[in-house]
Amino acid sequence: MGSWCIHHASCMFRSSLAAKLPKMPSPKKADSRNHRSLLLINIGQLLTLRQPKEHRGPRRGRGLQELGILEDAAVLCADGKIVSVGKTREMLRDRGFKKNPGQVLEIDCQRQVVLPGFVDSHTHPAFIHPRLSDFEQRISGATYEEIAEAGGGIRSSVDAVRRASQPELREMILAGFRQMNEQGTTTIEAKSGYGLTVESELKSLAAIRDAAADWPGTVISTLLGAHVVPKEFQGRSSEYVGLVCTEMIPQAAKQKLAEFVDVFTDRGAFSLEDTERIFRAAEASGLGVRAHVGQMSATPLEPLLCFHPASFDHLDHVNEQDIGKLAGHNTIATLVPGANYFLGVEKFPPARQLIDAGVAVALATDYNPGSSPTPSMPFVLSLACTHMKMLPAEAIAAATINGAWALGLGNRKGSVEAGKDADLAVFEIQDYRELPYWFASSRCTFTVLNGLVLTDAGSSRWE
Ligand code: NIG
Ligand code: FE
């Protein structure tokens, strides 16, 4: 395996992609060195996704197709932020660089495509084992729900997480973050949800925090204590919901371990009433809310909209009236077609209907051991195009700027504009439509995460 090289904007050299970039000691040391600049030049297509300030907000309808493409482009970053965006020739003419060229790490992108790093706004990385027996049972004809009822499914991931130490979980989570990053992801929402005791849910969240501290991208944590009712509470689901509301949520909030609370609201998991109870507790603790809805059956969404959920995720099944209601809210419809693909279900979320009605749609991997073990946003984009009839441009906006809005980060992430975080993904393609076209292909050359340049992300440790 290659080494995971980190290059901070403070490095003083000129390089091309072919050049060997110097190794940096560790992200923290690199971060604290100084505050010089990073300049990406000779970008074939830069997908800025810029938007006039007065129109800032989640993308809807035709707005989802506007990528703000700049050709022969350059991006200047400093202190982890984007400073300016323009044509390569103009940026190189800038007096500031001529005065002090050694202060700038300059990377020639050799006409590749550059876009805002993907914002994967729905992942479950806090698990220990892949669920290979579920996989084989589904191949032999059992459904996701049948497997769960027979004791497989989410509950079969729980024992190993309860037994695992926090450092063991951290390792697994970090490995997931690195694989996502190799595919161009720079911001990740990470859920707990395989512990299902107060102690194991808090341990999972603490492990997410520890992994995030060792990864230069951005991580947003979500408590998913209400993933399913654990075995020991069978027949006493209301008591379990009570535990989530009175212990898990207040403790996660007090220890600042989560920003959001999620609920799996569906057949075989939690009811609408349970979800309202949990959302009220989250609100009381000052946490944001989101929910898995409509994966197996349509749940009425209107009663939940008063909690201003950041997102409703899955939405394979959604009522017409709710589509109309959603269009009038900033709650993002996060579609996770990797789960449909992997579970082998024929029905995919009605992306076209949602987009055409004016709902703000995002795309995410739903990375998890049961329904969607993929870290790849480019693969999800491809599925969105082929199975949900989204245009490549719509899929890219859904995976960047709308993913950012789904995490409350729309003002910081998801577009390449001055003042935003320096999060970029560089792909070895010439036309942005190649991103979903070359499916199951890995063409991400390098990423920039909060100003740090990462290449060759195959190694398990920093160098
Ligand atoms: O989003 N549906 C609920 N949660 C996950 C699946 C988790 C699992 O099967 O382990 C999902 O698909
Ligand atoms: Fe999920």
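When a ligand or atom number is given, it counts from 1 through the structure's own listing order. For this chain, numbers begin at 1 and follow the sequence in order.
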Side-chain H-bond candidate by donor/acceptor type, [X] with [Y], under 3.5 Å:
X: Thr365; Y: Asp120; value: yes
X: Glu189; Y: Ser121; value: no
X: Asp366; Y: His124; value: yes
X: Glu417; Y: Ser415; value: yes

Per-atom contacts, ligand 1 versus [X] - under 4.0 Å to a heavy atom:
X: Asp366; value: 1 (O), 11 (C), 12 (O)
X: Asn368; value: 5 (C), 6 (C), 7 (C), 8 (C), 9 (O), 10 (O), 11 (C), 12 (O)
X: Tyr144; value: 6 (C), 7 (C), 8 (C), 9 (O)
X: His122; value: 1 (O)

- Message: Tell me how many protein N, O or S atoms are within a distance shorter than 2.8 Å of the Fe ion (ligand 2).
- Response: 4
- Answer yes or no for Arg236 and Phe233: cation-pi contact, defined as NZ/CZ to six-membered ring centre under 6.0 Å and angle to ring axis within 45°. yes
- Query: Checking Arg178 against Trp215: charged group under 6.0 Å from the ring centre and within 45 degrees of the axis?
  - Reply: no
- Shortest protein contact, atom 12 (O) of ligand 1 (heavy atom only): Ser371 OG, 2.5 Å
- Item | Protein residue, atom and distance nearest to atom 4 (N) of ligand 1, heavy-atom basis | His227 NE2, 2.9 Å
- Message: Looking at Glu54, I want to see if its CD is surrounded by more than 12 non-hydrogen atoms of other residues, nucleotides or ligands under 6.0 Å.
- Response: yes
Going by atom type alone, with no hydrogens or angles, which donor-acceptor pairs under 3.5 Å involve a side-chain atom of residues 255-265 and a protein atom two or more places apart or on another chain?
unit_1, atom_1, unit_2, atom_2, d
Asp262, OD1, His292, N, 3.4
Asp262, OD1, His292, ND1, 3.2
Asp262, OD2, Lys191, NZ, 2.8
Asp262, OD2, His292, ND1, 3.2
Thr265, OG1, Thr275, OG1, 2.9

- What residue among Glu199, Glu201, Glu168, Glu232 forms salt bridge (Lys or Arg N to Asp or Glu O under 4.0 Å) with Arg162? Glu232
- Chi angles and distances behind the ring-ring contact (aromatic ring centres under 6.0 Å, His included) call for Phe427, Tyr432: CA-CA 9 Å; Phe427 280 85; Tyr432 73 87; over 10 Å; no
- With atom 7 (C) of ligand 1 as the reference point, say which of Tyr194, Phe127, Phe264 has the nearest heavy atom. Tyr194
- Item | Option nearest atom 8 (C) of ligand 1 (shortest heavy-atom distance, choices Arg131, Gln295, His124) | Arg131
- Item | ligand 1 to Ser157 polar contact by distance, N or O atoms, under 3.5 Å | no
